[in-house]
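Heavy atoms only: backbone and side chains are in, while hydrogens, waters and symmetry mates are out.
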Amino acid sequence: MKLHKLFSLSALSLLALPLFALPGVNSYIPDQSGEYVYYQDTTFARPTYAGFLFYNDSQYALRYYAAADAKTKQDEVDIELLISINPENEKLDFTGELVVKDGESTLINYMHDLFYDLTAKRKKAGDIKGDEVTSNDFYEMFGGAVVMKYSSLVPIFNVKSIQNERGEEQLKLVCVGRLKSSQDTSFEDFKGFSKKIADKKRKACKNGKMSLLMQVANEANGEIVALADDSWKQSLPNIWIQGNDAVLTLVPLQEPEIDGELFENFMLRNCLQSGEHSYIDYANALVSRSGGVFTVKSRYVSGESVQQDIKVLKPMGSGFAMLHLTVFDSIYQKKKAYYDAIVKSFSVK
């Protein structure tokens with residue numbers, strides 16, 4: 001079973017992060033090299049995606065993708081651009097462009113316009129701090145008066161969606177990720193999601209008696225525990241595997257000496273990122289905060305496989321404890337109460 005990496009950046013290295021952001025924008029959570037976003041533009045007749053990848057404050061990748069459509073006899077369109085900008089200019093200022101994958105000039109201009117417009121809208125919005133911040137605006141490309149929905153958990157533009165006056169989403173965020181290495185081609189390989197995201201049928205492991213105590217000790221802050229059954233086998237000090245069905249990880253996270261709220265939001269943003277060729281269905285991801293406990297529930301799509309992914313963060317001493325459960329979605333739907341009971345048993349002592 002392919003595991004998602006929670007995040008490659010340690011908590012302590014957050015202290016050394018350069019404060020990267022779009023020109024003229026003060027970002028609450030700094031963008032990290034390799035972060036990307038994909039939006040679906042619903043004004044096109046067929047599913048069409050616009051992607052933006054942040055390399056550094058002077059270099060971005062842009063990608064336009066639309067799959068082939070047999071009914072309308074439209075070919076696949078895949079355009080990729082590497083854009084250089086002047087980070088010293090308060091406005092978006094192109095200083096160079098490399099066409100990696102060519103296409104119609106009108107579509108290349110569309111990507112240019114979208115980059116310019118979203119940067120200008122984000123700058124106009126001012127400070128964005130929170131899961132959902134709304135702003136009324138005018139956007140000619142999307143029919144005039146619109147409602148812009150922002151979130152500081154979303155990289156680059158912080159844009160979650162753009163809705164018209166009828167409440168219809170014209171542009172909506174569908175996927176967020178961060179490249180894991182220079183060999184990671186997840187950004188250029190993304191081809192969107194099918195209308196119905198479904199895992200293939202699988203045979204689940206048999207459950208045993210709920211008597212297995214999963215434990216991870218942390219000398220400074222205490223002990224992390226969860227209760228499961230004997231169908232789980234410990235593979236590493238903090239990782240348990242249930243056959244080919246599921247993986248559970250218990251992780252102590254030490255909070256660095258920075259603003260606690262910023263650190264919490266940084267952790268949540270990383271919990272909502274795609275893995276290598278394992279793409280988060282961002283539109284249906286759920287984030288909840290209650291009494292200092294944070295829960296992120298989402299699905300990841302990798303080829304024909306769909307995985308249910310649950311991450312829970314609880315206060316632990318000066319930092320946090322995290323439970324991370326990944327299970328094939330078809331199995332999770334059959335045994336939802338069983339897996340939810342394991343998640344519910346997660347505690348800090």
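Between Lys124 and Asp137 there is a salt bridge, since a side-chain N of the basic residue sits under 4.0 Å from a carboxylate O of the acidic one. With salt bridges taken as basic N to acidic carboxylate O contacts below 4.0 Å, none links Glu188 and Lys101. Salt bridge present: Lys311 and Asp309 bring a charged side-chain N and a carboxylate O closer than 4.0 Å. Remark: Arg289 engages Asp131 in a salt bridge, criterion side-chain N to carboxylate O under 4.0 Å.
A donor atom on one side chain and an acceptor atom on the other are not found under 3.5 Å apart for Asn238 and Thr249. Looking only at atom types and distance, the side chain of Arg202 has a donor-acceptor partner in the side chain of Ser305 under 3.5 Å away. Defined by atom type and a distance below 3.5 Å, a donor-acceptor pair is missing between the side-chain atoms of Tyr300 and Asp329. A side-chain donor from one of Tyr332 and Asp340 sits under 3.5 Å from a side-chain acceptor of the other.
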Do His112 and Phe94 pass the ring-ring contact (aromatic ring centres under 6.0 Å, His included) test, and can you show the C-alpha distance, the side-chain angles, and the key distance before you say yes or no? CA-CA 10 Å; His112 289 168; Phe94 285 12; 5.5 Å; yes
Could you give me the CA-CA distance, side-chain angles and deciding distance for Phe193 and Tyr282, then say whether ring-ring contact (aromatic ring centres under 6.0 Å, His included) is met? CA-CA 11 Å; Phe193 298 122; Tyr282 200 98; over 10 Å; no
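When each of Tyr39, Tyr279, Tyr49 is checked for a side-chain contact (heavy atoms from CB on, under 4.5 Å) with Val174, only Tyr49 meets the rule. Each of Asn207, Ile331, Leu248 was evaluated against Gln242; a single residue qualifies, Asn207, per the side-chain contact (heavy atoms from CB on, under 4.5 Å) test.
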